[in-house]
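Here the structure is a predicted model, which means the values were calculated and not measured.
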Amino acid sequence: MTIRLYDTSARQIRDFTPLRPGCVSIYLCGATVQAAPHIGHIRSGLNFDIMRRWFAHRGYDVTFVRNVTDIDDKIIQKSVEQGRPWWSIGYENEVAFNTAYDALGCLRPTYEPRATGHIPEMIEMMRGLIERGHAYAADGNVYFDVKSFPGYLQLSNQELANLLQPSGEGETGKRDPRDFAMWKAAKEGEPSWDTPWGRGRPGWHLECSAMAHKYLGTVFDIHGGGVDLVFPHHENEIAQAKAYGDDFARYWSHNAWVTMSGEKMSKSLGNSVLVSEMVKRWRPIVLRYYLGTPHYRSMIEYSEEALREAESAFARIEGFVQRVVEMAGKAVEPAAEVPPAFAEAMDDDLGVPQALAIVHTTVRQGNSALTADDKESAVARLAELRAMLGVLGLDPLDERWSSGGADRGEDLHGVVDSLVRLVLEQRQGARARKDYATADAIRDQLQQSGLTIEDTPSGPRWSLS
């Protein structure tokens with residue numbers, strides 16, 4: 001079956017036809033490194049990691065570019081607020097992003113270019129746009145003339161007459177308030193580079209058009225990012241690249257947000273959940289399951305309860321895997337192919353929720369085989385399961401997750417928490433039936449295991465004695 005993807009520009013699901021047979025090129029808008037990543041930031045990386053893995057499973061040679069925007073207004077503002085060099089803030093947070101990507105099992109990109117490493121490419125693109133009449137210099141700034149490009153706003157489906165273009169401080173000399181800055185004139189104390197139009201620095205948008213051109217050429221397959229980037233960032237990228245002469249991206253793919261109380265998770269709202277803190281409380285593989293298994297175009301409403309449900313669901317998968325490994329007494333390699341129903345779901349716009357249903361069905365079938373002492377069937381189900389989990393980056397037997405290390409104690413805390421919660425659910429059920437003898441016996445057994453159980457208004461809570 002042909003892979004089909006929702007294309008934002010077409011507003012429909014389309015058959016994917018690669019530019020070059022057997023190859024796929026993907027450009028993902030990565031981190032703007034003014035702050036450490038929260039789980040909303042990392043969701044995009046996870047979603048496109050799964051896309052990349054599925055293309056690779058289908059036999060494609062994947063080139064995956066994920067950029068780093070290491071200079072922009074927010075980074076400079078943080079520099080002023082903290083009294084630190086802008087590059088120090090950018091590098092510190094770039095490391096934090098890569099640590100988070102690694103912790104959650106994302107494959108490293110083929111290329112990960114920084115904006116500040118591509119100033120010559122940006123200057124060359126601006127020069128070409130000015131020569132073609134699509135851009136102009138004013139007061140040391142360089143602006144894109146939006147009225148010169150007839151296709152402007154087709155991606156976001158807006159009307160130019162109603163456009164309110166975000167604008168930053170110092171953007172003087174515009175011919176039209178809807179024009180956007182590609183390059184900003186130097187201000188005292190800010191980083192700047194020499195150009196034919198005076199010293200200055202990149203605005204936002206230009207770096208991605210220039211870097212996609214350098215690493216993927218004049219046309220490539222898929223451009224991805226969060227849905228919040230459709231306008232202005234991706235709209236302005238398209239205008240720059242196509243006015244320059246590139247065909248640019250053939251498909252546009254956007255992931256939805258992680259929300260809290262119905263609002264987009266963001267630093268400005270003060271409701272962010274940093275990955276560095278989350279991995280202290282939850283196993284990274286559970287976080288990946290939680291963030292990666294909803295459909296990429298569906299919003300995720302963050303809650304502790306939802307994370308606990310994800311933890312319990314993944315514990316059931318791990319429990320089956322461990323039982324078969326112990327029974328088989330040897331390594332069980334992943335199957336060469338995933339089950340057809342799983343493949344069908346993934347081919348249909350990366351339908352991970354439907355694919356995950358096949359995962360859990362396979363676990364149930366495998367557990368039934370274990371109960372019936374059918375070793376051959378149990379091993380076969382585990383081989384299928386490993387193939388599917390490998391595509392999702394969730395195979396607990398993969399070296400990435402199965403190797404030990406300093407964090408193993410925290411990992412085991414998550415496992416114990418899942419198991420204890422299952423036992424406490426049984427205790428709660430006994431209490432609901434007024435079978436207090438059984439409920440007390442469960443509590444006593446847990447206490448003998450070194451756990452203290454406290455009944456609270458929000459439910460039972462456990463801790464180590």
Show me the side-chain donor-acceptor pairs of residues 159-166 shorter than 3.5 Å, one per line, residues at least two apart or across chains.
residue: Gln165; atom: NE2; partner: Tyr152; partner atom: OH; Å: 3.0
residue: Gln165; atom: NE2; partner: Arg178; partner atom: O; Å: 2.7

Less than 4.0 angstrom from a charged side-chain N to a carboxylate O is my criterion; do [X] and [Y] meet it?
{"X": "Glu190", "Y": "Arg199", "answer": "no"}
{"X": "Arg308", "Y": "Glu305", "answer": "no"}
{"X": "Arg316", "Y": "Glu311", "answer": "no"}
{"X": "Asp398", "Y": "Arg386", "answer": "no"}
{"X": "Arg175", "Y": "Asp179", "answer": "no"}
{"X": "Arg4", "Y": "Asp347", "answer": "no"}
{"X": "Lys184", "Y": "Asp73", "answer": "yes"}
{"X": "Arg20", "Y": "Asp61", "answer": "no"}

Report yes if some heavy atom in the side chain of [X] is under 4.5 Å from a heavy atom in the side chain of [Y]; otherwise report no.
{"X": "Met182", "Y": "Leu129", "result": "yes"}
{"X": "Ile119", "Y": "Pro202", "result": "yes"}
{"X": "Ile26", "Y": "Met51", "result": "yes"}
{"X": "Trp252", "Y": "Ile238", "result": "yes"}

Exercise. Taking it one step at a time, do Tyr60 and His57 satisfy side-chain contact (heavy atoms from CB on, under 4.5 Å)?
Worked result: CA-CA 7 Å; Tyr60 285 89; His57 181 83; over 6 Å; no
Exercise. Going by atom types only, do Tyr215 and His118 share a side-chain donor-acceptor pair under 3.5 Å?
Worked result: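 Yes.
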For this session: Take Arg108 and Tyr101 through the test side-chain contact (heavy atoms from CB on, under 4.5 Å) and record every step on the way to the result.
Result: CA-CA 8 Å; Arg108 290 291 180 95; Tyr101 288 133; over 6 Å; no
Problem set entry | Partner set under salt bridge (Lys or Arg N to Asp or Glu O under 4.0 Å) for Arg52, not counting sequence neighbours |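 Here no residue qualifies.
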For this session: Could you please spell out the steps behind the side-chain contact (heavy atoms from CB on, under 4.5 Å) verdict for Tyr290 and Phe314?
Result: CA-CA 9 Å; Tyr290 170 68; Phe314 191 71; over 6 Å; no
Between [X] (side chain) and [Y] (backbone), is there a donor-acceptor pair under 3.5 Å?
{"X": "Ser298", "Y": "Pro294", "value": "no"}
{"X": "His134", "Y": "Ile130", "value": "no"}
{"X": "Asp349", "Y": "Leu5", "value": "no"}

Problem set entry | side chain to side chain contact (heavy atoms under 4.5 Å, CB included) partners for Lys174, two or more places apart |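 Here the qualifying residues are Tyr136, Tyr143, Ser167, Glu171.
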Problem set entry | Residue list, side chain to side chain contact (heavy atoms under 4.5 Å, CB included) with Glu384, at least two apart or on another chain |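 Expected list: Pro339, Thr362, Arg381.
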For this session: Can you establish whether the number of heavy atoms outside Tyr111 located under 6.0 Å from its atom OH is more than 12?
Result: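 At most 12 heavy atoms, drawn from other residues, nucleotides or ligands, come within 6.0 Å of this atom.
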Exercise. Within a radius of less than 6.0 Å around CZ of Arg84, do more than 12 heavy atoms belonging to other residues, nucleotides or ligands occur?
Worked result: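 Atom CZ in Arg84 is packed in, count exceeds 12.
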For this session: Fit a plane to each ring of Phe220 and Phe248, take the angle between them on a 0 to 90° scale, and name the class: parallel (under 30°), tilted (30 to 60°) or perpendicular (over 60°).
Result: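 Taking Phe248 first and then Phe220, their aromatic rings stand perpendicular (interplane angle over 60°).
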Exercise. Restricting to pairs with a member in residues 208-222, which pass salt bridge (Lys or Arg N to Asp or Glu O under 4.0 Å), not counting sequence neighbours?
Worked result: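 Sorted pair list: Glu121-Lys214, Asp221-Arg250.
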For this session: Keeping to residues at least two apart or across chains, list the salt bridge (Lys or Arg N to Asp or Glu O under 4.0 Å) pairs with something in residues 230-245.
Result: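 Not a single pair qualifies under salt bridge (Lys or Arg N to Asp or Glu O under 4.0 Å).
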Problem set entry | Check: Phe55 ring centre within less than 6.0 Å of Phe16 ring centre |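 Under 6.0 Å, so yes.
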Problem set entry | Pair His234 and His205, ring centroids less than 6.0 Å apart |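 They do not qualify: ring centres at least 6.0 Å apart.
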